[in-house]
Structure formats: C-alpha cells, structure tokens
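Below you'll find the structure, written out as structure tokens, and then a few comments.
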Amino acid sequence: MALIRRGIPEHVGSTTGLIGDPDGYIPAEAIRGAWKVDDAGQLTGEFQPNARYGPPQDDFTKLFSTDHFLQWLGHDPAATIQESVTEIVDEQVPGAAVRWMKITDEPRFLTAGRRDADDPDSLIVTRAALAVAFAIGVGAPARPHEILWGVYSVAVVGLDRGEQARSRVWFDLWTGLDAAEQQLVTRIGDVDPSP
C-alpha cells in the first residue's frame with residue numbers, strides 16, 4: 001500500500017499539509033489512508049481509509065509490554081515520564097507544550113542490587129535505569145507544530161534509601177534506542193549517590 005501523507009489534520013500538520021520531516025516519525029493517526037498497489041507496485045485505484053485518522057493520542061503500551069518492574073518510577077510510570085519530558089521541553093523552549101507522546105519501542109532496562117542479608121534468595125534493588133524510545137508532538141508559541149523523536153533515559157541510585165534516592169534524566173533527540181542502551185551502564189554510574 002502507498003501511504004498518503006497529505007491532508008493531515010490542521011492540528012497535526014503544517015500549513016503545507018506535511019508533517020515537518022516526511023521521512024521522520026509520523027503518528028498513525030495522521031495518515032488518512034493508503035492506496036492499494038498491485039504486485040508490480042502500481043496503484044490499483046482502491047483507497048483504504050485509516051479508521052484511526054484524527055488527532056494523535058498518547059500511547060504508552062510498549063512501556064508496559066515487557067512486564068518489567070517499574071514501581072521505582074512511582075505509582076504511574078507513564079505520567080512520571082510524560083511530566084519529565086514536558087518539563088524538559090518547556091525548559092528548552094519556554095511555553096512549549098507536549099501535545100501527545102508515544103513510546104515507539106520496548107524499553108531497555110538496567111537494574112543493580114545487593115543480596116538481602118536476611119534472605120539470601122532475595123535481591124534489594126539499589127539502582128535502576130531505563131531508556132525509552134519516544135515520539136512527541138510539540139507546540140510552542142509563534143512556532144509551528146513539531147514532531148520530535150529520540151530516547152528519554154532515567155537512572156536512579158539509592159533506591160534502598162527511600163527519600164535519599166537520587167536520579168538524573170537524559171533527553172537524547174534523534175538518537176536510536178540501541179545507542180542509548182549502550183550508555184545506561186555509564187549513566188547509572190554518573191548519578192551521584194550522595195544525599
């Protein structure tokens with residue numbers, strides 16, 4: 001099928017009808033439909049509309065698809081990540097707002113701990129890190145709507161010390177998940193454990 005990238009809803013696309021980088025990330029909801037092609041790659045004239053066409057929606061399904069322990073991010077890990085990303089974007093461009101966010105791949109994790117002296121079969125988690133590939137729609141005053149993609153990483157140390165735990169985040173635009181995963185070991189070590 002040949003995807004149609006024109007005719008994107010006004011709240012998604014630019015005034016030219018195309019999303020910023022037509023070769024970049026395009027949310028499924030921004031695609032009106034597809035023209036079917038035959039075995040030779042020629043258009044058949046049959047159009048198949050996209051039932052999901054409309055405003056892009058948040059999608060954190062892949063964050064939870066691995067069933068990995070995420071409680072160290074709080075009672076709502078998706079909200080924690082989205083709030084952090086929103087703060088980062090607003091710090092870079094005051095007044096900017098994240099309109100929608102999608103986790104685009106299964107996250108990568110790094111967890112470290114020590115044996116529980118009272119129960120040698122248990123591990124007390126002391127450090128954890130996460131890298132998630134994302135795409136976000138960003139709006140800012142007097143600027144066109146943009147779609148950004150990359151990897152958001154967070155590392156927390158001192159998880160066994162409750163309120164004394166320390167964390168740090170990284171917001172790597174235009175970076176692939178494999179490259180960010182390779183940095184998790186260094187990054188989890190870079191977080192100062194001092195209270």
Original post:
Just how far is it from atom CG of Asp38 to atom CD of Glu46, taken to the nearest 0.5 Å?
Top reply: 11.5 Å
**OP:** Could you walk me through whether Asp58 and Arg99 pass salt bridge (Lys or Arg N to Asp or Glu O under 4.0 Å), step by step?
**Re:** CA-CA 9 Å; Asp58 290 340; Arg99 306 280 187 222; over 6 Å; no
Original post:
Nearest 0.5 Å, what's the CG-CG distance between Leu110 and Leu130?
Top reply: 10.5 Å
Subject >> Side-chain heavy-atom pair Arg168, Asp190 within 4.5 angstrom cut-off >> reply: yes
**OP:** For residues Trp149 and Tyr25, establish whether the separation of their ring centroids is below 6.0 Å.
**Re:** no
Original post:
Can any side-chain N or O of Asp172 pair as donor or acceptor with the backbone N or O of Thr175 at less than 3.5 Å?
Top reply: no
Original post:
With sequence neighbours excluded, what pairs up with Phe109 under the ring pair (Phe, Tyr, Trp, His ring centres under 6.0 Å) test?
Top reply: His68
**OP:** Go through the steps to decide whether Arg114 and Asp160 satisfy the test salt bridge (Lys or Arg N to Asp or Glu O under 4.0 Å), and finish with yes or no.
**Re:** CA-CA 10 Å; Arg114 60 178 162 76; Asp160 55 332; 2.9 Å; yes
**OP:** Kindly compute the distance separating CD1 (Ile103) from CG (Asp59), expressed to the nearest 0.5 Å.
**Re:** 8.5 Å
Original post:
Would you say the side-chain atoms of Asp105 pair up with the backbone N or O of Ala133, donor to acceptor, closer than 3.5 Å?
Top reply: no
**OP:** List the steps and the verdict of side-chain contact (heavy atoms from CB on, under 4.5 Å) for Val89 and Glu87.
**Re:** CA-CA 6 Å; Val89 169; Glu87 288 174 16; over 6 Å; no
**OP:** For Ala155, enumerate each residue passing the side-chain contact (heavy atoms from CB on, under 4.5 Å) test, keeping only those at least two apart in sequence or located in another chain.
**Re:** Ala129, Trp170, Ile188, Val191
Original post:
Are Leu73 and Ile124 in one and the same hydrophobic cluster, where Ile, Leu, Val, Met, Phe, Trp and Tyr link if side-chain heavy atoms are under 4.5 Å apart?
Top reply: no
**OP:** Check the hydrophobic clustering (I, L, V, M, F, W, Y; side-chain heavy atoms under 4.5 Å; chains of links allowed) and say if Leu184 and Val154 are grouped together.
**Re:** no
**OP:** Flag the pair Arg143 / Val93 as yes when at least one side-chain heavy-atom distance between them is below 4.5 Å, and no otherwise.
**Re:** yes
**OP:** To the nearest 0.5 Å, tell me how far Trp72 CH2 sits from Ser167 OG.
**Re:** 9.0 Å
**OP:** Specify the closest pair of heavy atoms between Trp100 and His145, including all atoms of both residues, with the distance to one decimal.
**Re:** NE1-NE2, 4.0 Å
Original post:
Nearest 0.5 Å, what's the CG-CZ distance between Asp192 and Arg166?
Top reply: 8.0 Å
Original post:
Would a distance-only check, ignoring hydrogens and angles, find a side-chain to backbone donor-acceptor pair under 3.5 Å from Asp116 to Leu123?
Top reply: no
Subject >> Gly45 versus Trp35, closest heavy-atom pair with distance >> reply: O-CZ3, 3.3 Å
Original post:
Would a line drawn from the ring center of Phe171 to the ring center of Phe134 be shorter than 6.0 Å?
Top reply: yes
Subject >> Minimum heavy-atom distance between Ser84 and Tyr152, given as atom pair plus value >> reply: OG-OH, 2.8 Å
Subject >> Cluster check Leu173, Val98: I/L/V/M/F/W/Y, side chain < 4.5 angstrom >> reply: yes
**OP:** Answer yes when Glu29 and Lys102 have at least one side-chain N-carboxylate O distance shorter than 4.0 Å, and no when they do not.
**Re:** yes
Subject >> Side chains of Asp119 and Ser122, donor plus acceptor under 3.5 Å >> reply: yes
**OP:** Please round to the nearest 0.5 Å and tell me the distance separating atom OG1 of Thr61 and atom CG of Leu63.
**Re:** 9.5 Å
Subject >> Test item: Leu148 and Glu146 side chains (from C-beta on) under 4.5 Å apart, heavy atoms >> reply: yes
Subject >> ILVMFWY network linking Met101 to Val151, side-chain heavy atoms under 4.5 angstrom >> reply: no
Original post:
What are the two closest heavy atoms between Pro141 and Gly95, and how far apart are they?
Top reply: CD-O, 3.5 Å
Original post:
Do Thr44 side-chain atoms and Lys36 backbone N/O form a donor-acceptor pair below 3.5 Å?
Top reply: yes
Original post:
Counting heavy atoms not belonging to Arg161, are there more than 12 under 6.0 Å from its CZ?
Top reply: yes
**OP:** Apply side-chain contact (heavy atoms from CB on, under 4.5 Å) to the pair Leu177 and Arg108, showing each step before the final yes or no.
**Re:** CA-CA 8 Å; Leu177 188 55; Arg108 310 291 170 80; 3.5 Å; yes
Original post:
If every non-hydrogen atom of Val157 is compared with every non-hydrogen atom of Pro193, which pair is closest and at what distance?
Top reply: CG2-CA, 3.7 Å
**OP:** Considering non-hydrogen atoms only, spot the tightest contact between Gln57 and Pro55 and give its length.
**Re:** NE2-O, 3.0 Å
